[in-house]
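All ligand and atom numbering here is 1-based and tracks the order in the structure. All values below come from the heavy atoms of this structure, side chains included, with hydrogens, waters and symmetry mates left out.
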Amino acid sequence: MTSILTTGELLREGLRRLAPALEQPQLDAELLLAHVLQTHRARLASHPEERREPHERVLYLALIERRAAGEPLAYLVGRKSFWSLELTVGPGVLVPRPETELLVERALALCSEAAADAADLGTGSGAIALALARERPGWRIAATDLSEEALRVARRNAGDLRIGNVEFLAGDWFAPLAGRRLHLVLSNPPYVCGDDPALRAPPLQFEPSMALAAGPDGLAHIRRIVRDAPSHLRRGGWLLLEHGATQAADVARELVVHGFSHVRSHRDLAGRERMTEARWG
Ligand code: GLN
């Protein structure tokens, strides 16, 4: 005898399997089922009696197992919200985090010009560049990344979102911007210490290590960006860097040593200093 499979039963089964792994399994169980059924979460709740096919159960439980093992939900559904945008993401790019929206917020506050040149170094999925581009259609934004795979994802996001004022350039940090001076430079570079055990645990273990690990003190890439920024910023231009919760003082020192002024760190919603801005000249 085969039992009848319904949406409600599938959801309960997913929840039961996720519960030991996640503190709040409900949302993830629902989003994964909505993804498999290509529907909205609300429909799951309003139509729990709908009949399901066995292959839907197989697909769903496979995703549930991967989520229980710590794989980021964003990779499993291939999407992540950032700012006002829905982005495509995959294992070749870091999953955009809410705290990175602080960089976007500060850039918009620091520069109210309708026309400006900005750069997002190490753009990954394109999150920062595309959020700025959407808010400031008159800005020209250069988004660089060393990873061709990341640039493919970022270009696809720009196309899907019909954002045309971002140019994507392959290369290391400022390398593709030789000879150019910008009003704003933003970056969420790798800043995790190379020996941090967090790199080998979820969620970071599933994300590209080239977007995360940054030498023994986590500052290797930030130092390079700070060192090279003066030759790529206009007088009065701004550099905005995301960094780890314990790195604000080191980043500020680095900026002052290299001649930046108006150095100021900002806290994320959890109260941790997660980004620092500074003015050139
Ligand atoms: N935000 C990531 C973390 O949670 C780090 C991202 C990065 O290194 N840029 O540690």
Side-chain angles (χ1 to χ4, degrees), residues 22-23 28 67 70-76 80-83 85 87 89-107 119-132 143-147 149-151 153-154 157 171-174 185-229 239-252 254-255 265-278:
L22 300 186
E23 261 172 46
D28 290 46
R67 185 69 192 107
E71 213 167 316
L73 181 76
Y75 289 162
L76 299 177
K80 179 74 186 179
S81 308
F82 180 83
W83 199 251
L85 313 174
L87 299 170
V89 297
V93 298
L94 192 78
V95 177
R97 311 282 206 271
E99 56 267 27
T100 303
E101 294 177 349
L102 252 182
L103 262 79
V104 177
E105 210 175 293
R106 289 306 302 156
D120 171 19
L121 308 183
T123 194
S125 63
I128 294 171
L130 295 170
L132 285 179
T144 74
D145 209 293
L146 192 54
S147 158
E149 191 182 349
L151 287 174
V153 174
N157 279 320
D172 211 10
W173 306 126
F174 285 106
V185 172
L186 294 87
S187 185
N188 172 17
Y191 52 70
V192 181
C193 299
D195 63 357
D196 190 332
L199 288 171
R200 283 170 293 285
L204 302 189
Q205 79 178 96
F206 295 96
E207 299 185 89
S209 66
M210 78 179 270
L212 295 164
D217 62 359
L219 294 169
H221 294 285
I222 287 180
R223 281 198 195 93
R224 281 191 51 194
I225 294 171
V226 172
R227 185 195 66 197
D228 294 344
L239 175 61
L240 292 81
L241 294 168
E242 181 170 324
H243 50 68
T246 60
Q247 294 170 332
D250 288 330
V251 174
E254 205 67 33
L255 287 160
S265 300
H266 294 271
R267 294 178 192 277
D268 64 13
L269 293 174
R272 298 165 306 191
E273 288 181 321
R274 292 303 306 281
M275 68 141 293
T276 298
E277 69 198 25

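- Paired with Pro96 under the rule side-chain contact (heavy atoms from CB on, under 4.5 Å), one option of Val89, Ile128, Leu85, Asn188 passes, and it is Val89.
- The side-chain hydrogen bond (donor to acceptor under 3.5 Å, both in side chains) analysis of residues 192-214, with sequence neighbours excluded, yields the pairs Arg97-Glu207.
- Here Arg227 pairs with nothing under the side chain to side chain donor-acceptor pair (under 3.5 Å) rule; sequence neighbours left out.
- Residue pairs meeting the side-chain hydrogen bond (donor to acceptor under 3.5 Å, both in side chains) criterion with at least one partner in residues 211-222, sequence neighbours excluded, are Trp173-His221, Asp217-Arg223.
- Listed here is the closest heavy atom pair of Val93 and Tyr75: O-OH, 2.6 Å.
- Here CZ of Arg267 is found 12.5 Å from CG of Leu269. Values are rounded to the nearest 0.5 Å.
- Within 4.0 Å of ligand 1, the residues that place a heavy atom are Leu94, Arg97, Asn188, Pro189, Pro190, Tyr191, Val192, Ala211, Leu212, listed by chain and number.
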